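I have placed the structure first, in the form of structure tokens, so that the comments after it can refer back to it.
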Amino acid sequence: VQKDKTHFFATWERTRQRASDTQLSTVPTLANRTGDFSDLRSTAGVPVIIYDPASTVGTTRQAFSGNIIPLTRLDPVALKAVTYYPRPNRAGTIANANNFGGNTKTRLNRDIVVGRLDHQLSPNDLLTARYYINDAATNDDGTYGVPLSDPLSNITDVRVQSVLASYTHIFGPSVINDLRGTYLRRKFLNTRPGYLENPASLIGLNGVSDAAFPAFTAPGYASLGNAAGSFRLQTPILDRQIVDALSYNRGRHAFKFGGEVRFARNEEVRDRGSAGNFTLSPLITGLPGKSGTGNSIASLMLGEINAASIQISDKIRTVATYVGLYAQDDWRARANVSVNYGLRYEINGQMRDRDNRLASIDLSVPGGRFVVASDERGRLSPTATSLLAEMPIPYVTSRDAGWTPALLRPSYRRFAPRLGLAWSLGERASTVVNAGFGVFLNQWAYSVQQSLAQTLPFFFSKTVNAPGDALRP
């Protein structure tokens, strides 16, 4: 842009990727979907008998005549749910296993744009600015041909943006300072087809959210829906950073001094099952005590579920502050010996929830206790009130426990020494001996905080289980 003073650089990278993978699955036969299980066989070709759980007397049950469930006994939700399985398209085995084959269809669309501007204010002063954006979207329709209910279907939308500004000043031949500021903003949106369109209403299921198709796990068959979770929304993810580094060379020493301040923020909702997770069991339609009987899809057709759960999560609004200082020296002690030594000091504010919706169990006291995050005055989040009575052991606030709102005991003795050695052996220096020692401090993993947010009194998961030999599971 301006000769020997201002330079500009820009690049655009586009990716369009299509991928596919073949999957074999076991799905109910067309007869099974109407309650007819007369085609049911074991791997040895022996008929698999299904029994009526409503006829249970002690450990005996009556088999359905002809292995067919009467139309009047078929559950209306189940009748609609099984229509979201793909139809068999291959013969499969004698037990009707692997009777469906399909190809995944994964599409990746990504654009990356980078722009950089350098401006030489003077022979000793350089300004730099850089902008980066990465937009990526991934869409996988699964193999069913029905993305709504396919456990492999997935929609991901990711954006990463960053702005960097730096100022480099040369004080003299041996002293250089570099000051940098970075602003990073990201989003990660992962959803299933039908997000917020209430797919459960299509099969007549009530009492669950509108986030995704309900998940049905049937042993011996492919699943409907995705039991791993309904959606995950992280936006915004912010990281603001200021770094300063001073370099000073003197004789055989190369000194470096600097510091860093970082402010992080992350807002996330991770839904692990608000649309409902339902687990089926062949035991419900089997003969108690006799293996090789019953069928999980037959149990579904009767509307009998072995286990059902709903998990609802609130938004976690994470913030963290980090401060670090360091000093180090690269000392060339001899022509063939270099020593690197330094010291770093860190104040790590740890990740905490802005609304203090975290809790942990403290086992250092007899009988244990819950420690619930609070502000400096010991006040709890209003969202904790409704479930405090459900806590099975006593609780205290983080202030009364002497913990931070991040549920940690604060420590400010966070010194991290570093020492390194490089020693070249022989006249040709063909062998080099390297040795090093360091103490590295880090904050806990983000997954730990997620676990602390998904516990009483802020998270409650209800699971209903029914034994397979119950009169009415």
Side-chain angles (χ1 to χ4, degrees), residues 24-101 144-146 149 200 202-205 213-225 276 278-308 466-473:
L24 292 180
S25 306
T26 301
V27 299
T29 65
L30 298 184
N32 297 163
R33 303 174 195 216
T34 62
D36 184 350
F37 292 88
S38 58
D39 62 354
L40 210 57
R41 298 290 186 273
S42 69
T43 55
V46 177
V48 176
I49 307 301
I50 60 171
Y51 291 83
D52 184 358
S55 67
T56 304
V57 178
T59 59
T60 64
R61 284 176 177 165
Q62 297 297 317
F64 282 107
S65 177
N67 240 24
I68 300 174
I69 301 174
L71 293 177
T72 56
R73 296 286 303 280
L74 297 177
D75 182 78
V77 172
L79 282 170
K80 293 180 180 179
V82 293
T83 64
Y84 286 88
Y85 271 113
R87 289 172 169 249
N89 60 6
R90 60 194 310 269
T93 68
I94 193 172
N96 289 327
N98 296 329
N99 58 356
F100 175 78
Y144 286 6
V146 188
S149 60
L202 299 175
I203 61 174
L205 183 65
F213 193 89
F216 294 88
T217 303
Y221 293 88
S223 300
L224 285 176
F278 303 92
T279 303
L280 310 170
S281 172
L283 297 177
I284 294 175
T285 48
L287 183 63
K290 186 175 181 179
S291 62
T293 61
N295 179 268
S296 58
I297 293 297
S299 300
L300 171 63
M301 299 308 294
L302 289 169
E304 306 292 3
I305 303 296
N306 180 238
D469 58 354
L471 178 62
R472 291 293 298 171

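Everything numeric here is computed off the predicted structure, so don't read it as measured data. Numbering of residues begins at 1 and proceeds along the displayed sequence.
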Compare every heavy atom of A218 with every heavy atom of Y85, then report the nearest pair and how far apart it is. OH-CB, 4.4 Å

Within this structure, what is the CD-CG distance for the pair E304 and L280, rounded to the nearest 0.5 Å? 10.5 Å

Which heavy atom in T56 sits nearest to a heavy atom in R61, and how many Å separate them? OG1-NE, 2.7 Å

Set out, in order, the CA-CA distance, both residues' side-chain angles and the distance that settles side-chain contact (heavy atoms from CB on, under 4.5 Å) for R90 and N98, then state yes or no. CA-CA 8 Å; R90 60 194 310 269; N98 296 329; 3.9 Å; yes

What are the two closest non-hydrogen atoms of S296 and Y221, and how far apart are they? OG-CD1, 3.6 Å

Between the side chains of S38 and D36, is a donor N or O closer than 3.5 angstrom to an acceptor N or O? yes

Side chain to side chain donor-acceptor pair (under 3.5 Å) test vs N32 passes for just one of N96, N295, D39, namely D39

In Å and rounded to the nearest 0.5 Å, what is the CG to CG distance from L283 to N306? 7.5 Å

Hey, is the main chain of A222 close enough, under 3.5 Å, to the side chain of S25 for a donor-acceptor pair? no

Starting at OG1 of T29, measure out to CG of L40 and round the result to the nearest 0.5 Å. 8.0 Å

Contact summary for I203 and P214, nearest pair of heavy atoms: CD1-CG, 4.3 Å

Exam field: side chain S55 to backbone Q62, donor-acceptor pair closer than 3.5 Å: yes

Minimum heavy-atom separation for L202 and K80, please, with both atom names. O-CD, 3.7 Å

Separation between CZ (R73) and CG (L302), nearest 0.5 Å, reads 5.5 Å

What distance separates L79 CG from M301 CE, expressed to the nearest 0.5 Å? 4.5 Å

Hey, are the side chains of R87 and L30 touching, using non-hydrogen atoms and a 4.5 Å cut-off? yes

Tell me, with the steps shown, if T285 and S299 meet side-chain hydrogen bond (donor to acceptor under 3.5 Å, both in side chains). CA-CA 6 Å; T285 48; S299 300; 3.1 Å; yes

Is there a donor-acceptor pair under 3.5 Å between the side chain of N67 and the backbone N or O of V48? yes

Give, for atom CZ of F37 and atom CD1 of I50, the distance between the pair rounded to the nearest 0.5 Å. 5.5 Å

Residues K290, T59; criterion side-chain contact (heavy atoms from CB on, under 4.5 Å); working and verdict: CA-CA 10 Å; K290 186 175 181 179; T59 59; over 6 Å; no

Hey, what's the ring geometry for F216 with F278, parallel, tilted or perpendicular (30° and 60° as the breaks)? parallel

Which atom names give the shortest non-hydrogen contact between G101 and L24, and what distance separates them? CA-CD2, 3.9 Å

